[in-house]
Amino acid sequence: MLELLPTPPTDPLWDLTYEFGGDERPERLNLVLGVYRDQTGTTPVMTAVREAEIRLAERSDSKEYRGLSGNAAFNRSLLELVLGPTGPTDRAAAVQTVAGSGALRLLADLICRTRPGTTVWISDPAYVNHRPILEAAGLRVRTYGWRDAEGGFDTAGVLRELADAQRDDVVLLQGCCHNPTGVDPLLDDWEALAESAARGGWVPFVDLAYHGLGDGLEADMLPTRMLAARVPEMLIAVSCSKNFGLYSDRVGCAIVLGASDRAVRHAETALQNAARTLYSMPPEHGAAVVTTILQDEGLRAAWRTELEVMRGRIMDNRADLVAHLSALGCAEQARSLARQKGMFSMLPLSAQQMLRLRRQYAIYGTTSGRINIAGIPAHRIPCLARGIAGVLDTTDTPRTPSTPPTLPRQQSGPAAALQV
């Protein structure tokens, strides 16, 4: 039987990761996978997570099945976190999933069971796993542009293309810190998108994976809450990998909002049925950790402060890279990076230039130009800037240093931690 299997495509991100593992150059730098790393290059366990795990170990008395929806307390906590304490939780249901990717797949299955062959619109470029997940569920995929000629969010272009979306089409939007570009809509743009959805009848499908790492926790969730208040139906895939540091614990949540209690209950049952055929039920440990943190005032405050420190480090890394590129005369590239936010940045480099960056400078990013800003040790940023400048420089003419562009105003530090 297996001899009949055609050669399947491999995952490009993991291919690069495996190649990095075999690279023996001591100066090698892995900026492929989206994980937060501290100054030592380690992905740390958050202090609030460690304390929650200690408490769970001390009181653990059973490993009994939780049920098809997973941890009910976790689901309630995530609903409140995402929609807010005064949000429309009365017309929403949540099901715990195997991380954000599991939530995307369950919700894609829900769409297909509701209307087989539905068209789902995704941004171009998009998160590398969006199209495979949607198509594997049997959905049609169309794309809409994301950035304008200057590298910012293309408000007019996006609205113009989404005007072609039919009633009951689904539009996948990343709630904050767009992967891979780092380019987000402004609040006025989100208002326009909500108006487009309400007028055109398309259903927003929000992928919320990086909340807390862009403008702050509350600010990052504001667009999702805005949409939830404006449209009758909405789907939300939530990941706890990045902002809780629970990458390998695979913690996520699928949320549905409907116009009636009957519709929401049916959607919840359909999600449970989909989970039953895929993996039966999600693992408990990570969800219990998140629930312990969110339901304890002290742990919750400690987590939010720690999350703000992570956000500040990401901002500092980006600002430092912008400054070094400007000093090397790469003004245009620095301006492009300065307007981005969140864990990722999109280098204005071709696939060939990214290959040169890998082969000549041992710096690993994706062929599309995406790098993980959150994974750079601060002392390696000058090396990264020199590598970028090196693959851009096709002549022997020295570049003229330029003034670093001003980054978008974002709060960080203890004062901001009190405000989020």
Side-chain angles (χ1 to χ4, degrees), residues 34-40 42-60 70-85 87 89 94 96-97 99-100 103 175-177 208-222 224-225 236-253 255 282-316 341-343 374-375 410-420:
V35 296
Y36 175 85
R37 293 191 177 97
D38 61 20
Q39 294 285 29
T40 69
T42 301
T43 300
V45 177
M46 297 177 78
T47 302
V49 168
R50 195 179 299 280
E51 175 58 30
E53 289 181 318
I54 291 171
R55 296 186 188 183
L56 287 169
E58 289 174 345
R59 68 169 186 253
S60 177
N71 187 319
F74 168 81
N75 293 331
R76 289 192 299 270
S77 296
L78 263 289
L79 273 177
E80 181 178 334
L81 179 71
V82 172
L83 298 178
T89 55
Q96 183 196 337
T97 62
C176 63
C177 305
L208 197 59
Y210 309 100
H211 40 307
L213 297 177
D215 292 326
L217 189 60
E218 297 295 333
D220 287 348
M221 291 189 294
L222 186 57
T224 301
R225 294 174 179 177
I236 310 171
V238 187
S239 171
C240 298
S241 294
K242 274 70 177 181
N243 59 1
F244 284 90
L246 295 171
Y247 303 95
S248 60
D249 282 319
R250 315 309 295 141
V251 189
C253 187
I255 296 174
E284 163 68 9
H285 178 74
V289 168
V290 172
T291 306
T292 301
I293 291 171
L294 293 181
Q295 293 186 349
D296 182 276
E297 185 176 346
L299 286 181
R300 186 178 181 125
W303 165 66
R304 294 181 69 149
T305 299
E306 201 166 354
L307 182 61
E308 188 66 16
V309 170
M310 292 164 60
R311 183 176 82 93
R313 172 168 149 67
I314 293 171
M315 290 170 55
D316 290 345
K341 66 178 67 170
M343 180 172 282
Q410 302 177 46
Q411 290 183 321
S412 63
L418 296 176
Q419 298 175 20
V420 297

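Only this structure's heavy atoms are used, side chains among them; waters, hydrogens and symmetry mates stay out.
Contact check for Asp296 versus Trp303: no side-chain heavy atoms found under the 4.5 Å cut-off. Between Leu246 and His285 there is no side-chain heavy-atom pair separated by less than 4.5 Å. Residues Phe244 and Ile293 meet the side-chain proximity criterion, which asks for heavy atoms closer than 4.5 Å. For the pair Leu307 and Leu213, the minimum side-chain heavy-atom distance is below 4.5 Å. A heavy-atom distance below 4.5 Å is found between the side chains of Phe74 and Cys240. Between Asn75 and Cys253 there is a side-chain heavy-atom pair separated by less than 4.5 Å.
Across all their heavy atoms, Leu208 and Gly175 have their closest contact at CD1-CA, 4.0 Å. Closest approach of Gly342 to Cys177, counting heavy atoms only: CA-SG, 3.6 Å. Heavy-atom minimum distance, Glu308 versus Gly216: OE1-CA, 4.4 Å. In terms of heavy atoms, Glu53 sits closest to Val289 at CG-CG2, 3.7 Å. Summarising the geometry of Leu81 relative to Arg225, their closest heavy-atom pair is O-NH2, 2.8 Å, with the distance given to 0.1 Å. Closest non-hydrogen pair, Ala99 versus Ser241, comes out as CB-OG, 4.4 Å.
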Check the pair Thr291 / Gln96 against side chain to side chain contact (heavy atoms under 4.5 Å, CB included), numbers first and verdict last. CA-CA 12 Å; Thr291 306; Gln96 183 196 337; over 6 Å; no

Given Asn71 and Val290, is the side chain to side chain contact (heavy atoms under 4.5 Å, CB included) satisfied, shown in steps? CA-CA 10 Å; Asn71 187 319; Val290 172; over 6 Å; no

Determine, stepwise, if the pair Met310 / Lys242 fulfils side chain to side chain contact (heavy atoms under 4.5 Å, CB included). CA-CA 10 Å; Met310 292 164 60; Lys242 274 70 177 181; over 6 Å; no

Under the side chain to side chain contact (heavy atoms under 4.5 Å, CB included) rule, what do Gln295 and Ser77 come out as? Steps first, then yes or no, please. CA-CA 8 Å; Gln295 293 186 349; Ser77 296; 3.5 Å; yes

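Between the side chain of Arg37 and the main chain of Ala374, no donor-acceptor pair closer than 3.5 Å is present. For the pair Arg304 (side chain) and Gly212 (backbone), a donor-acceptor distance under 3.5 Å is absent. Remark: side-chain polar atoms of Arg300 are paired, donor with acceptor, to backbone N or O of Leu294 under 3.5 angstrom. Thr43 places a side-chain N or O within donor-acceptor distance of the main-chain N or O of Tyr36, the cut-off being under 3.5 Å. Checked by atom type and distance alone, the side chain of Asp215 never pairs as donor or acceptor with a backbone atom of Asp220 at under 3.5 Å.
With sequence neighbours excluded, no residue satisfies salt bridge (charged side-chain N to carboxylate O under 4.0 Å, His left out) with Asp38. Not a single salt bridge (charged side-chain N to carboxylate O under 4.0 Å, His left out) links Glu306 to another residue, sequence neighbours left out.
For the atom pair Ile255 CD1 and Thr97 OG1, the distance stands at 9.5 Å (nearest 0.5 Å). Taking CG of Leu299 as the reference point, atom OG1 of Thr47 lies at 10.5 Å (rounded to 0.5 Å).
A salt bridge links Glu51 with Arg55: the closest approach of a Lys/Arg side-chain nitrogen to an acidic carboxylate oxygen falls below 4.0 angstrom.
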